[in-house]
Structure formats: structure tokens, C-alpha cells
**Q** 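Following this message is one structure expressed as C-alpha cells.
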Number of protein chains: 2
Amino acid sequence: MMDTVKSDAPSGAQSIHRTAAVLRALAAHAGPGMRLSDVMTMTGLQRPTAHRMLQALILEGLARQDAETKRYRLGPALFELGLAAAPRFDIRGICGPSLDRLAAATEDTAFLTVRSGYDSVCLDRREGSYPIRVLTVEIGGRRPLGTTAGSLALLCDLDARECEEVIAFNAARLTEYARLKADGLRALAERGRTLGYALNDNDFTPGITGLGVSLPPAPGRQPIALSVVALSGRLAEPRRSKIVAMLKTEARKIAAEFGGGATP
Amino acid sequence: MMDTVKSDAPSGAQSIHRTAAVLRALAAHAGPGMRLSDVMTMTGLQRPTAHRMLQALILEGLARQDAETKRYRLGPALFELGLAAAPRFDIRGICGPSLDRLAAATEDTAFLTVRSGYDSVCLDRREGSYPIRVLTVEIGGRRPLGTTAGSLALLCDLDARECEEVIAFNAARLTEYARLKADGLRALAERGRTLGYALNDNDFTPGITGLGVSLPPAPGRQPIALSVVALSGRLAEPRRSKIVAMLKTEARKIAAEFGGGATP
DNA sequence: ACTTAATAGTCCATAATGTGGACTTTGGAG
DNA sequence: CTCCAAAGTCCACATTATGGACTATTAAGT
């Protein structure tokens with residue numbers, strides 16, 4: 001079984017792990033939706049199992065099925081539950097001003113990214129004024145950790161053991177989101193650690209590059225990163241260093257905000 | 001087993017129904033969090049089952065436990081999944097202007113509510129300028145259908161069979177949210193249907209009253225209601241009729257908006 | 001229009017998963 | 001220090017969920 005479900009001891013909780021895996025898969029393909037066979041391959045579940053779980057999720061409003069295309073998507077109940085969770089986890093208010101400044105100053109696209117297990121999630125984004133806009137990830141979009149500039153910055157912060165665990169877990173699905181195999185990603189992470197910022201130039205979408213910086217990890221707070229993505233030509237030196245400096249300044253400002261108010 | 005899990009045939013999906021019930025319970029007590037025993041009574045699960053499920057949810061980031069108080073809450077993964085679902089289900093953008101107008105004109109609190117299974121969920125709210133603010137439900141707050149003005153308007157729209165099913169299901173937990181028993185709620189729903197709007201004067205919080213109006217139900221779109229809540233004295237005739245008229249006008253405007261753009 | 005291929009959906013005997021009665025641990029109040 | 005309530009744990013057992021094999025449906029090819 002090609003297991004996309006967490007490998008850790010799911011003692012008496014297989015079904016919850018599988019359910020969560022299905023929901024994550026649906027979230028990762030929010031746009032077009034997923035066919036049953038997509039869900040099967042993404043989660044490693046058998047056909048009847050995936051089907052039965054999806055039907056149950058639909059009954060609970062956690063998923064939906066397009067009657068015409070048969071494709072599955074996230075359901076309204078998930079949005080509603082998210083709303084209840086938002087007061088504790090929605091940091092867009094705190095980080096918004098930084099994104100505004102980054103997008104305004106660079107004229108390119110600025111992203112706010114957090115870690116979520118083996119994935120990263122884009123929480124917010126701002127478009128700059130430059131006429132060619134690079135919009136690689138939607139708000140709410142999930143990616144394997146490391147396949148996006150912000151995401152890569154988060155991966156660089158992990159210790160060797162954890163980093164390897166993430167890469168190993170994501171190995172199979174890397175190519176869906178990046179022109180990378182496990183060693184390529186390992187190399188990117190290594191370079192990021194020496195540079196002090198994440199430089200994502202794997203050209204999955206050729207001609208664009210991303211710069212990512214993470215907030216200094218704080219206990220109890222989930223890992224957060226800021227990034228700017230643009231046409232590669234616009235991120236050559238000396239502009240690159242300037243943008244990295246701005247990212248670091250904004251990251252420090254946000255970290256300071258968290259120092260005051262509590263964020264579980 | 002006092003079953004707070006959906007009664008419909010959960011064929012091969014008990015665990016998903018139970019999981020969803022736990023998540024809904026956590027969402028309904030988002031503020032203070034829930035103790036393990038609260039989860040047990042709210043869901044009808046045994047202690048070891050509830051505990052094991054919560055631990056699994058925590059592993060997936062769908063729940064959290066306060067290390068000090070041991071209380072359980074919704075986790076960050078739920079906010080992240082909600083973000084991915086938001087583009088399809090977040091109607092706050094469409095309804096915001098109506099809430100603004102209602103809050104401004106009445107000077108009281110305006111709510112946007114949708115149905116979610118046997119519950120209603122508050123999606124948005126606006127405070128008016130009157131110095132005494134009535135804030136009965138938070139954004140994201142869940143209530144048994146009928147225990148809130150908007151919620152009651154939604155209940156009134158259901159056909160007899162469905163209405164009775166909802167009331168029967170919620171009977172046990174009504175008193176937690178309203179000074180009502182099943183027949184009391186039946187009567188409120190009945191009155192709402194004859195009046196043409198929901199009038200919530202069960203005084204769970206004494207001295208306040210709510211007026212609710214639902215959008216004409218449309219196929220494929222989930223049920224939506226608008227409501228205004230205020231000190232009872234401020235909702236006597238002739239003001240009451242004026243506010244009801246405003247609610248109906250805004251409901252019509254929103255319904256018209258939906259006519260144009262699609263809403264799954 | 002007919003054949004083939006691919007995907008969705010269903011059935012049911014089987015065993016692995018999750019269950020819950022009973023027990024232990026923790027922590028707070030008197 | 002003792003008592004009580006709540007959290008957390010263990011493990012024999014049977015209910016639940018599993019998946020191999022089958023059917024139904026839809027799309028594509030000639």
C-alpha cells in the first residue's frame with residue numbers, strides 16, 4: 001500500500017488518519033476537484049474504501065460531489081468549522097500589513113505560508129503592480145513542504161531528522177508540484193540553510209523564481225514564512241539581496257507582534 | 001447510547017460520523033474549549049473512544065489540547081482546510097453590504113446565518129451604533145437549529161417531516177442554548193410560519209429579542225437567513241414591522257445577487 | 001451504431017480495527 | 001493527608017470497516 005497517510009503509530013485511529021488524508025487530498029486539488037481514482041492514488045486507499053469514505057463525508061457536509069462530472073470537492077461544513085477555528089489561527093490580520101509593504105515595494109507577489117504536517121499552506125497573498133503577475137499558489141493552497149519558496153524556508157528550519165522524514169514522506173508526490181526528486185529537494189534545503197534564505201529556482205514553471213524567509217521558530221507557535229515570487233530576471237543581484245533584507249525585516253516585525261499578543 | 005451522531009444509516013462509516021460529531025461539538029464550544037467529559041456527554045461516546053479519537057485528531061492538527069487545563073479545541077488544520085473551501089462557500093462578500101445597511105439603519109446587531117445539518121452557523125455579524133450591544137453568537141458559532149432568530153427562520157422553511165426530524169434530534173441539547181423544550185420550539189416554528197418571519201423571544205438571555213428572515217430557498221444553494229437582535233423594548237411595534245420589512249428587502253437583494261453568479 | 005476502454009459504484013465473506021468495561025493516574029479541594 | 005472527580009490506559013472481544021471480485025455507467029474510437 002503506497003501510504004500517503006502519516007506513518008506514525010495510528011493506534012486505534014486508522015480511520016481518522018485516512019479521513020484526514022482524504023480531506024487534505026481534496027484541499028490540495030480544490031480548483032478542479034478530484035475523481036474517485038485520483039483520491040485512490042493520492043491516498044493509497046482501495047476503491048470501495050475511498051468511495052464509502054467520500055459518501056460519508058458528503059453526508060456530513062465535509063465533501064461534495066459535482067453531479068455532472070462526478071468530481072469530489074471540499075464541502076461547506078469544512079468552511080464553517082474553519083470559521084470557528086479562525087479566531088485562534090487566522091494570522092492574516094497580523095501579517096497583512098507586511099504583505100502589503102512587500103508587494104508594494106517589490107511590485108511582485110508576496111505570500112504568507114505556514115507549515116501543516118508534511119505540507120505547507122498558503123494563508124494569504126498580495127499582488128504587486130508589475131504587469132506580469134506570478135500567482136503560483138491560491139489562498140488555502142497546499143503544497144508538499146519545500147516545493148514553494150515560503151515552503152522551502154520552513155523546510156530549512158527543521159532539524160536533519162525531521163527534514164529527512166518530510167522529504168521521504170513527500171518523495172512520491174514531489175513531481176506533481178515541482179521539477180524535483182528527493183535529492184534535488186535535499187540540495188535546495190541545504191543551500192537555503194547556508195544562504196540564510198530559501199531560493200526556489202527549480203523551474204516547475206520555467207522563468208520564475210521565489211525567495212522565502214521564515215520567522216525565527218517560537219515554541220507553541222506554528223512555523224510561518226514570508227516569500228516573494230517573480231520573474232527570474234527580476235530577482236537577480238543586487239535586487240535579490242534587497243528583497244531578502246526586506247523579507248527579513250518584515251519577518252522580524254511580525255515576530256515582534258507575536259511577542260505581545262498570545263498565539264496558540 | 002444517547003446518540004448525538006446522525007441517525008441515518010452510517011453504513012461502513014461509523015467512524016467518520018463520530019469524527020464529524022466530535023468536530024462539531026468542539027466548534028460549538030470554541031470559546032472555553034471542552035473537557036474530555038464534555039465531549040463524552042455531547043457525543044455519547046465512551047471515555048476511551050472519545051480520548052483516542054481526540055488524540056488522533058490532535059496528531060492530524062484538527063484538534064488541540066491546552067496543556068494546562070486539558071481542554072480540547074479545534075486545531076489549525078481545520079482553519080487551513082476551511083481556507084481551501086472558502087472560495088466556494090464564503091458568501092460574506094456578497095452579504096456584507098446588506099449586513100452593513102441593517103446594522104446602520106437599526107443601530108442594532110445584524111447576523112448572517114446558514115443551515116449546517118441539524119445546526120445553524122453564524123457566518124458574519126455587524127454591530128450597530130446603539131450603546132447597548134447584543135452579541136449572542138460569535139462568527140463561526142454553532143447552535144441547534146431554531147435557538148436563534150436566523151436559525152429559527154431557517155427551521156420555519158423546512159417541511160413538516162424534516163422540521164420534526166431536526167427538533168427530535170436536538171431535543172436533548174436545546175436547554176443548553178435556549179429556554180425551550182421540543183414543544184416550545186415547535187410552537188415558535190409554527191408562529192414563524194404564520195407571521196412570515198421568525199420571532200425569537202424565548203428569553204434564554206432575558207430582555208432580548210431577535211427577528212429573522214430567510215432567503216427564498218433555492219435548489220443547490222444552502223439555506224441562508226438574515227436577522228437583527230436587540231433589546232426587546234427596541235423591537236416592539238411599529239419598529240418591528242419596519243425592521244422585518246428591511247430584512248425582507250435585503251434578503252431579496254441577496255437572492256438577486258445569487259441569481260447572477262453561481263453558488264454551489 | 002457497435003465495440004472497447006476507463007471510471008464509478010456495489011456486494012459480502014472475512015479479519016482487522018476500534019470498542020468499552022474495568023483499572024490506574026493525576027490534580028485539586030477540604 | 002485524604003478524598004473525590006476527572007483524565008488517561010489496558011486488553012479480550014465483536015462490531016466495523018475492509019478489499020477482492022463483480023456490475024453499471026460513461027467516454028472514446030472506428
Side-chain angles (χ1 to χ4, degrees), chain A residues 1-23 25-26 29 32-60 62-75 176, chain B residues 1-23 25-26 29 32-60 62-75 176:
Chain A
M1 173 164 115
M2 134 2 180
D3 197 4
T4 305
V5 181
K6 227 168 215 163
S7 40
D8 293 23
S11 156
Q14 186 198 62
S15 60
I16 287 182
H17 292 271
R18 288 181 164 188
T19 302
V22 170
L23 293 177
L26 291 176
H29 300 252
M34 296 179 89
R35 293 175 308 178
L36 179 58
S37 27
D38 298 332
V39 176
M40 289 170 57
T41 54
M42 284 275 305
T43 58
L45 297 169
Q46 295 300 120
R47 180 186 305 281
T49 303
H51 184 259
R52 180 168 28 78
M53 290 181 66
L54 285 165
Q55 292 307 318
L57 290 172
I58 288 170
L59 220 83
E60 299 292 347
L62 294 167
R64 293 220 142 177
Q65 184 173 27
D66 186 319
E68 203 181 342
T69 66
K70 304 278 184 184
R71 279 166 185 265
Y72 296 93
R73 295 200 160 78
L74 295 179
E176 191 183 348
Chain B
M1 174 163 113
M2 135 0 182
D3 196 5
T4 304
V5 181
K6 228 168 215 163
S7 40
D8 292 25
S11 157
Q14 187 198 63
S15 60
I16 286 183
H17 292 270
R18 289 181 164 188
T19 302
V22 170
L23 293 177
L26 291 176
H29 300 252
M34 296 180 89
R35 293 175 309 179
L36 179 58
S37 28
D38 298 332
V39 176
M40 288 168 58
T41 55
M42 283 276 306
T43 58
L45 297 170
Q46 294 301 119
R47 179 187 307 280
T49 304
H51 183 259
R52 180 170 28 79
M53 290 181 67
L54 285 165
Q55 293 306 319
L57 290 172
I58 288 170
L59 221 82
E60 299 293 346
L62 294 168
R64 292 221 142 176
Q65 183 172 26
D66 185 320
E68 204 183 339
T69 65
K70 306 277 184 184
R71 279 167 184 265
Y72 296 94
R73 293 200 162 79
L74 296 178
E176 190 183 348

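Because the structure is a prediction, the values reported are computed rather than measured. In what follows, chains are A, B, ... by sequence order, proteins preceding strands, each numbered from 1.
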**Q** Arg35(A) has an atom CZ; how far is it from atom C1' of dT25(D), in whole Å?
**A**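 So the CZ-C1' distance, Arg35(A) to dT25(D), works out to 15 Å.
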**Q** Arg35(B) side chain to Thr69(B) main-chain N or O, any donor-acceptor pair under 3.5 Å?
**A**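 Absent.
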**Q** Grab the CG-P distance between Leu57(A) and dA17(D) for me, whole Å please.
**A**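 Value for this atom pair: 13 Å.
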**Q** Base, sugar-phosphate, or nothing for Arg47(B), non-hydrogen atoms under 4.0 angstrom?
**A**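 Answer is base: heavy atoms of Arg47(B) come under 4.0 Å of a base.
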**Q** May I ask you to verify if any side-chain N or O of Thr49(A) is less than 4.0 angstrom from the OP1 or OP2 atom of dA17(D)?
**A**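 Checking Thr49(A) against dA17(D): no side-chain N or O falls below 4.0 Å of OP1 or OP2.
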**Q** Just the rounded figure in Å: distance from C1' of dG18(C) to CD of Gln14(B).
**A**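 One finds 8 Å between C1' of dG18(C) and CD of Gln14(B), rounded.
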**Q** Listing time: all N or O pairs from protein to nucleotides 25-30 of chain C that are below 3.5 Å?
**A**
none

**Q** Taking all non-hydrogen atoms of both residues, which atom of Leu26(B) and which atom of Tyr72(B) are closest, and how far apart?
**A**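 Between these two residues, the closest heavy atoms are CD2-O, 3.7 Å.
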**Q** For the side chain to side chain contact (heavy atoms under 4.5 Å, CB included) test, which of Met40(B), Arg71(B), Met42(B) pairs with Met34(B)?
**A**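 Of Met40(B), Arg71(B), Met42(B), side chain to side chain contact (heavy atoms under 4.5 Å, CB included) with Met34(B) is met by Met42(B) alone.
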**Q** I need the CD-C1' distance between Gln55(B) and dA7(D), as an integer number of Å.
**A**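 After rounding, the reported distance stands at 10 Å.
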**Q** Which distance, rounded to the nearest 0.5 Å, do you find between the OG1 of Thr19(B) and the CG of Leu57(B)?
**A**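 That separation rounds to 6.0 Å.
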**Q** Using 0.5 Å steps for rounding, measure from the CG atom of Leu62(A) to the CG atom of Leu23(B).
**A**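 Output value for this atom pair is 7.5 Å.
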**Q** Run the side chain to side chain contact (heavy atoms under 4.5 Å, CB included) test on Gln55(B) and Gln65(B) for me, step by step, so that the C-alpha distance in whole Å, both residues' side-chain angles and the decisive distance to 0.1 Å come before the verdict.
**A** CA-CA 9 Å; Gln55(B) 293 306 319; Gln65(B) 183 172 26; 4.0 Å; yes
**Q** So, OP1 or OP2 of dT17(C): does either fall under 4.0 Å of a side-chain N or O from Ser15(A)?
**A**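 Checking dT17(C) against Ser15(A), no side-chain N or O comes under 4.0 Å of OP1 or OP2.
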**Q** Pro48(A) has a side chain; which of dT18(D), dG21(C), dT10(C) sits nearest to it?
**A**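 For the Pro48(A) side chain, the nearest candidate turns out to be dT10(C).
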**Q** Provide the closest heavy-atom pair for His17(B) versus Ala56(A) in the form atom of the first, atom of the second, distance.
**A**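 Looking at all heavy atoms of both residues, the shortest contact is NE2-CB, 4.2 Å.
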**Q** Please determine, by modelled atom types, if His29(B) and Glu176(B) share a side-chain donor-acceptor pair under 3.5 angstrom.
**A**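 Side chains of His29(B) and Glu176(B): pair found under 3.5 Å.
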**Q** First locate atom OG of Ser15(A), then atom CE of Met53(A), and finally report the distance between them rounded to the nearest 0.5 Å.
**A**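 The OG atom of Ser15(A) sits 7.0 Å away from the CE atom of Met53(A).
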**Q** Has Tyr72(B) got a side-chain N or O lying under 4.0 Å from the OP1 or OP2 atom of dG8(D)?
**A**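 Yes, because at least one side-chain N or O of Tyr72(B) sits under 4.0 Å from OP1 or OP2 of dG8(D).
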**Q** Select one nucleotide: of dG20(C), dA17(D), dG19(D), the one nearest the side-chain heavy atoms of Gln46(A).
**A**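 Output: dG19(D).
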**Q** Using whole Å, what does the distance between atom P of nucleotide dG20(D) and atom CZ of Arg52(A) come to?
**A**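 Rounding to the nearest Å, CZ of Arg52(A) and P of dG20(D) are 13 Å apart.
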**Q** Between Leu45(A) (CG) and dG9(C) (P), how many Å, whole number?
**A**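 After rounding, the reported distance stands at 15 Å.
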**Q** CZ of Arg71(B) versus P of dA6(D): gap in Å, rounded?
**A**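 Rounded to the whole Å, the gap is 11 Å.
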**Q** Within the structure shown, what part of the strands sits under 4.0 Å from Gln65(A) by heavy-atom distance: base, sugar-phosphate, or nothing?
**A**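 Sugar-phosphate: the residue Gln65(A), judged by heavy atoms under 4.0 Å, touches backbone atoms but no base.
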**Q** Is there a side-chain contact between Thr43(B) and Thr49(B) in this structure, where contact means two heavy atoms from C-beta onward sitting under 4.5 Å apart?
**A**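 With C-beta onward as the side chain, the pair stays apart.
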**Q** So, OP1 or OP2 of dT18(D): does either fall under 4.0 Å of a side-chain N or O from Arg18(A)?
**A**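 So the side-chain polar atoms of Arg18(A) do come within 4.0 Å of the phosphate oxygens OP1 or OP2 of dT18(D), strictly under.
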**Q** So how far off straight is the helix from dA1(C)-dT30(D) to dG30(C)-dC1(D), going by the axes through five pairs at either end, to 10°?
**A**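 Helix axis angle between the two ends: 50°.
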**Q** Could you check how far CG of Leu36(A) sits from P of dT26(D), rounded to whole Å?
**A**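 After rounding, the reported distance stands at 15 Å.
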**Q** Can you tell me if Ser37(B) touches the phosphate of dA6(D), counting only side-chain N or O atoms and a distance under 4.0 Å to OP1 or OP2?
**A**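 It does not, given that no N or O in the side chain of Ser37(B) lies less than 4.0 Å from OP1 or OP2 of dA6(D).
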**Q** Would you say His51(B) reaches dA7(D)'s phosphate, i.e. side-chain N/O to OP1/OP2 under 4.0 Å?
**A**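 No, no such contact exists.
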